[in-house]
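These notes are about the structure you will find just below.
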Amino acid sequence: MRALVTGGAGFIGSHLVDQLTHDGFNVVVLDDFSTGKLSNLAHSPKTRIIEGDVADFNAVANAMQGVDVVFHQAAVASVPKTIEDPLGSHQVNYVGTLNVLEAARRAGAQRVVAASTAAVYGDLPELPKREDMTLKPLSPYAVDKLASELACQMYFNLHGLHTVCLRYFNVFGPRQDPSSPYSGVISIFLSRLSQGAAPTIFGDGQQTRDFVFVKDVVRANIKAATTDGVGGQVFNIGTNKRTSLLDLYQILSHQLAVNLQPTLAAPRMGDIKDSVADASKAAKLLDWRAQVSFDDGVRQLVAEVVKR
Ligand code: NAD
Ligand code: UD2
């Protein structure tokens with residue numbers, strides 16, 4: 001089986017490449033290296049790497065040759081970047097998905113699994129989030145991800161292409177890049193604490209998130225690609241549990257054995273108070289549940305950081 005991973009040099013994509021390689025897939029990566037790194041693919045040296053842009057149909061069609069299954073991870077994943085450049089990010093986040101679907105259809109690929117996001121739920125208060133709830137995408141990022149979900153469903157309905165979209169909640173794990181202020185909060189806190197610098201908590205720290213470990217997200221992708229009868233479906237990928245930022249701070253400080261007071265700052269504009277998945281649909285139809293507890297995930301991550 002040949003698998004194409006778009007965005008395969010990124011945080012989540014590279015873990016997916018490692019697992020697919022381990023499972024015996026012949027893996028092709030299409031990535032423009034805008035945020036991805038070649039070093040993320042060091043564990044899978046046999047991967048065929050194509051440098052190219054998902055917004056360029058010919059590049060996608062070329063990478064698609066002989067592919068059976070596609071894992072579409074490439075995106076401008078930073079919400080602020082999509083607010084700054086809605087036209088450019090639309091080419092990647094929506095047109096890129098359309099290119100993947102159309103190239104897959106033309107090449108006779110059987111399945112496409114696409115990365116979506118909990119951002120499609122916006123700031124509506126009802127919790128936990130279920131797939132059938134009202135959606136409220138609040139950024140170009142969320143609108144393009146929702147449009148991509150609809151395009152995936154459309155290709156299933158029109159062409160029978162087996163598409164599945166996964167709404168990831170807050171993913172964390174090794175290789176998450178802490179370099180931007182809008183990187184995942186765990187990667188930022190860990191990077192600062194391990195350098196002896198105090199992180200900033202925006203707001204009172206009581207806000208909660210559903211942190212899901214990257215290896216569980218990889219398992220969800222593989223389940224989505226290998227389960228029959230789920231074409232055209234959308235699934236939440238989260239743990240059903242929420243952790244407050246203050247708890248996160250304490251757990252990280254404890255595991256790193258540091259004692260630093262966080263800097264407190266005003267809440268971020270547009271910050272959502274609480275977010276947590278109801279992931280029972282994935283449990284029922286994909287037989288997927290998060291297996292790595294928050295504490296274990298953080299332990300694995302801290303061990304990697306300390307090793308470096
Ligand atoms: P990432 O930035 O590490 O990975 C994205 C990858 O896509 C990078 O390797 C980047 O170089 C590549 N890429 C970007 N634009 C491209 C283009 N035009 N053509 C080809 N490649 C391109 O981010 P990530 O956290 O690994 O995100 C992976 C996917 O998961 C994205 O679709 C993102 O929207 C989604 N997602 C992530 C999270 C999270 O918590 N990390 C949450 C919800 C959804
Ligand atoms: C996540 C996604 C984002 C979008 C959004 C939709 C990530 C990295 N971001 O944003 O792409 O889908 O959900 O709701 O997955 N914080 C601090 N200090 C810091 C950094 C963050 O206090 O240095 C806070 C931040 O204000 C927020 C929480 O930590 O309350 C989580 O922040 P995040 O950027 O990791 O993720 P989130 O949920 O805001």
Side-chain angles (χ1 to χ4, degrees), residues 5-17 29-38 40-41 50-56 59-60 63 71-82 88-89 91-93 95-97 99-100 114-123 129 136-139 141-142 144-145 148 166-173 175-178 180-189 191-192 199-212 214 217 221 237-238 243-246 248-249 262-275:
V5 183
T6 71
F11 161 48
I12 299 169
S14 65
H15 285 280
L16 193 49
V17 169
V29 162
L30 176 66
D31 202 297
D32 72 349
F33 294 94
S34 49
T35 57
K37 295 184 202 125
L38 202 52
N40 284 343
L41 292 167
I50 302 175
E51 185 166 355
D53 184 351
V54 289
D56 169 1
V60 179
F71 297 91
H72 178 42
Q73 306 296 313
V76 176
S78 153
V79 173
K81 268 195 204 156
T82 71
S89 60
Q91 291 302 313
V92 181
N93 290 356
V95 178
T97 305
N99 285 339
V100 165
S116 188
T117 170
V120 297
Y121 294 110
D123 62 357
K129 301 299 182 193
K136 192 181 169 195
L138 291 168
S139 59
Y141 173 72
D144 281 332
K145 285 290 190 179
S148 291
L166 302 179
R167 289 180 184 161
Y168 305 159
F169 279 66
N170 289 61
V171 187
F172 75 104
R175 303 182 201 156
Q176 190 167 31
D177 186 354
S180 133
Y182 294 96
S183 301
V185 64
I186 297 188
S187 67
I188 296 176
F189 280 11
S191 147
R192 291 193 66 82
T200 301
I201 292 185
F202 298 115
D204 60 7
Q206 307 279 2
Q207 66 266 48
T208 58
R209 293 293 184 271
D210 185 335
F211 293 109
V212 56
V214 66
V217 174
N221 271 274
I237 299 302
T243 305
S244 74
L245 275 206
L246 289 176
L248 162 68
Y249 194 83
T263 308
L264 295 179
R268 261 186 187 165
M269 216 172 71
D271 216 17
I272 286 162
K273 176 85 175 83
D274 299 298
S275 169

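Residue numbers run from 1 in the order of the sequence given. When reading the values below, keep in mind they use all heavy atoms of this one structure, side chains included, and skip hydrogens, waters and symmetry mates. In each ligand, atom 1 is the first atom listed, and ligand 1 is the first ligand listed. Computed from a prediction, not measured in an experiment: that's the story for all the values here.
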Using a strict 4.0 Å cut-off to heavy atoms of [X], name the atoms of ligand 2 that fall inside it.
X: Ile272; result: 14 (O)
X: Val79; result: 3 (C), 4 (C), 11 (O)
X: Thr200; result: 17 (C), 18 (N), 19 (C), 22 (O), 23 (O)
X: Asp271; result: 25 (C), 26 (O), 27 (C), 30 (O), 39 (O)
X: Thr117; result: 12 (O)

Just how far is it from atom CG of Leu248 to atom CZ of Phe211, taken to the nearest 0.5 Å?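 One gets 5.0 Å once the value is rounded to the nearest 0.5 Å.
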
Among [options], which one has a heavy atom closest to [atom]?
atom: atom 37 (C) of ligand 1; options: Thr117, Asp144, Ile12; value: Ile12
atom: atom 29 (C) of ligand 1; options: His72, Gln73, His15; value: Gln73
atom: atom 20 (C) of ligand 1; options: Gly7, Gly52, Ala9; value: Gly52

I'd like to know if the side chain of Asp177 pairs up with that of Ser183 as donor and acceptor (distance under 3.5 Å, no hydrogens or angles considered).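 Result is no, nothing qualifies.
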
Check each heavy atom of [X] against ligand 1 and say whether those closer than 4.0 Å belong to the side chain, the backbone, both or neither.
X: Val92; result: side chain
X: Ala119; result: neither
X: Lys145; result: side chain
X: Tyr141; result: side chain

Does Phe172 have Arg209 sitting over its ring (NZ/CZ under 6.0 Å from centre, angle to axis within 45°)?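 Judged by the rule (NZ or CZ under 6.0 Å from the ring centre, within 45° of its axis), Arg209 is not positioned above Phe172.
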
Could you tell me whether [X] and ligand 2 have an N or O pair separated by under 3.5 Å?
X: Phe202; value: yes
X: Asn170; value: yes
X: Tyr182; value: no

Under 3.5 Å donor-acceptor, Asn93 side chain and Ala75 backbone: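 It does not hold such a pair.
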
Heavy atoms of the protein only: does one fall short of 4.0 Å from [atom]?
atom: atom 2 (C) of ligand 2; result: no
atom: atom 38 (O) of ligand 2; result: yes
atom: atom 17 (C) of ligand 2; result: yes

Is it true that Gly96 lies under 4.0 Å from ligand 1, counting heavy atoms only?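 Gly96: no contact with ligand 1 (<4.0 Å).
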
